[in-house]
Undergrad: 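Below are the structure tokens for one structure; questions will follow.
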Amino acid sequence: MSASIVWLIILAVMIIIEIATLGLTTIWFGIGAIGAAVVSGLGYGIWGQLGVFALLSVIAMALCRPFAVRYLNKEKEKTNIDEVVGKTAVVSKLINNEMATGEVKLNGMDWTARSEDGSVIEEGKRVTVVSVQGVKLIVK
């Protein structure tokens, strides 16, 4: 079996794995395998083939992966957590980071809260949610 055939088999295996996983992990090696098959067909030895395989795989990954991740993986599911940042809540229990206490009411739900700058915030005050850390709202 010629080396070109082996590289094409490797290409087929990489494509099958990529189709099965859709993780953009093996396609880069498939591109390297195409280059290695071409170099093999031109009569280069195994070291030239491996060098082209490695070089093309790294170049393909470095140049194409950021684009592919940015434009092909847009299916980030937005959750309710993403929507609470910037909303106004009312402090229902004193917020004191040092004592690990604090609760706010937002959209009819009680949330554990901490102040952004460490200040104590009295019950009844209106606050703005600046971020979410785990299940705690960070407010100011």
Undergrad: Can you list the other members of the hydrophobic cluster that holds I16, where links are side-chain heavy atoms under 4.5 angstrom apart?
TA: none
Undergrad: Should side-chain heavy atoms under 4.5 Å link Ile, Leu, Val, Met, Phe, Trp and Tyr, which residues sit in the same cluster as V130?
TA: I138
Undergrad: Salt bridge (charged side-chain N to carboxylate O under 4.0 Å, His left out) with K105: which residues, sequence neighbours excluded?
TA: D110
Undergrad: Find out if a path of hydrophobic residues (ILVMFWY) with successive side-chain heavy-atom gaps under 4.5 Å connects L50 to L56.
TA: no
Undergrad: Residues two or more places apart in sequence or in another chain: which of them pass side-chain hydrogen bond (donor to acceptor under 3.5 Å, both in side chains) with N107?
TA: none
Undergrad: Identify, with sequence neighbours excluded, every residue that meets side chain to side chain contact (heavy atoms under 4.5 Å, CB included) alongside A33.
TA: W7, I10, L11, F53
Undergrad: For M99, check side chain to side chain contact (heavy atoms under 4.5 Å, CB included) against everything at least two apart and list the hits.
TA: N96, T101
Undergrad: With L137 as reference, evaluate I95, V127, V132, T128 under the side chain to side chain contact (heavy atoms under 4.5 Å, CB included) test and give the passing residue.
TA: V132
Undergrad: State whether the side chain of R114 and the backbone N or O of A100 hold a donor-acceptor pair below 3.5 Å, judged by distance alone.
TA: yes
Undergrad: Partners of E122 by side chain to side chain contact (heavy atoms under 4.5 Å, CB included), sequence neighbours excluded?
TA: L94, V120, K125
Undergrad: Between K87 and L106, does a side chain to side chain contact (heavy atoms under 4.5 Å, CB included) hold up when you go through it step by step?
TA: CA-CA 8 Å; K87 299 266 177 143; L106 177 65; 3.9 Å; yes
Undergrad: Got a sec, which pairs hit salt bridge (Lys or Arg N to Asp or Glu O under 4.0 Å) with one end in residues 34-62, sequence neighbours left out?
TA: none
Undergrad: Would you say V129 and V90 are hydrophobically clustered, going by side-chain heavy atoms of ILVMFWY under 4.5 Å?
TA: no
Undergrad: List in chain and number order the residues that pass side chain to side chain contact (heavy atoms under 4.5 Å, CB included) with E18, two or more places apart in sequence or in another chain; answer none if no residue qualifies.
TA: L24, T25, T26, I27
Undergrad: Please report the shortest heavy-atom distance between S119 and S115, naming the atom on each side.
TA: O-OG, 2.7 Å
Undergrad: Would you say I19 ends up clustered with L8 if hydrophobic residues are merged whenever their side chains have heavy atoms under 4.5 Å apart, either directly or through other cluster members?
TA: yes
Undergrad: I need the full list of ring-ring contact (aromatic ring centres under 6.0 Å, His included) pairs touching residues 15-44, with sequence neighbours left out, sorted by first then second residue.
TA: none
Undergrad: Who passes salt bridge (charged side-chain N to carboxylate O under 4.0 Å, His left out) against K136, sequence neighbours left out?
TA: none
Undergrad: To the nearest 0.5 angstrom, please state how far the OG atom of S92 sits from the CD atom of E123.
TA: 7.0 Å
Undergrad: Would you kindly confirm whether M14 and I34 end up in one hydrophobic cluster when ILVMFWY residues are joined by side chain heavy atoms under 4.5 Å apart?
TA: no
Undergrad: Working to the nearest 0.5 angstrom, can you tell me the gap between C64 SG and I31 CD1?
TA: 5.5 Å
Undergrad: For the residue pair S4 and V6, establish whether any side-chain heavy-atom pair is separated by less than 4.5 Å.
TA: no
Undergrad: Is there a path of hydrophobic side-chain contacts, each under 4.5 Å between heavy atoms of I/L/V/M/F/W/Y residues, joining V91 to M109?
TA: yes
Undergrad: As a quick check of understanding, evaluate side chain to side chain contact (heavy atoms under 4.5 Å, CB included) for S40 and V38, giving each step before the final call.
TA: CA-CA 5 Å; S40 172; V38 168; over 6 Å; no
Undergrad: Going by the side chain to side chain donor-acceptor pair (under 3.5 Å) test, which pairs reach into residues 8-17, not counting sequence neighbours?
TA: none
Undergrad: To the nearest 0.5 Å, what is the distance between CD on E116 and CG on N97?
TA: 10.5 Å
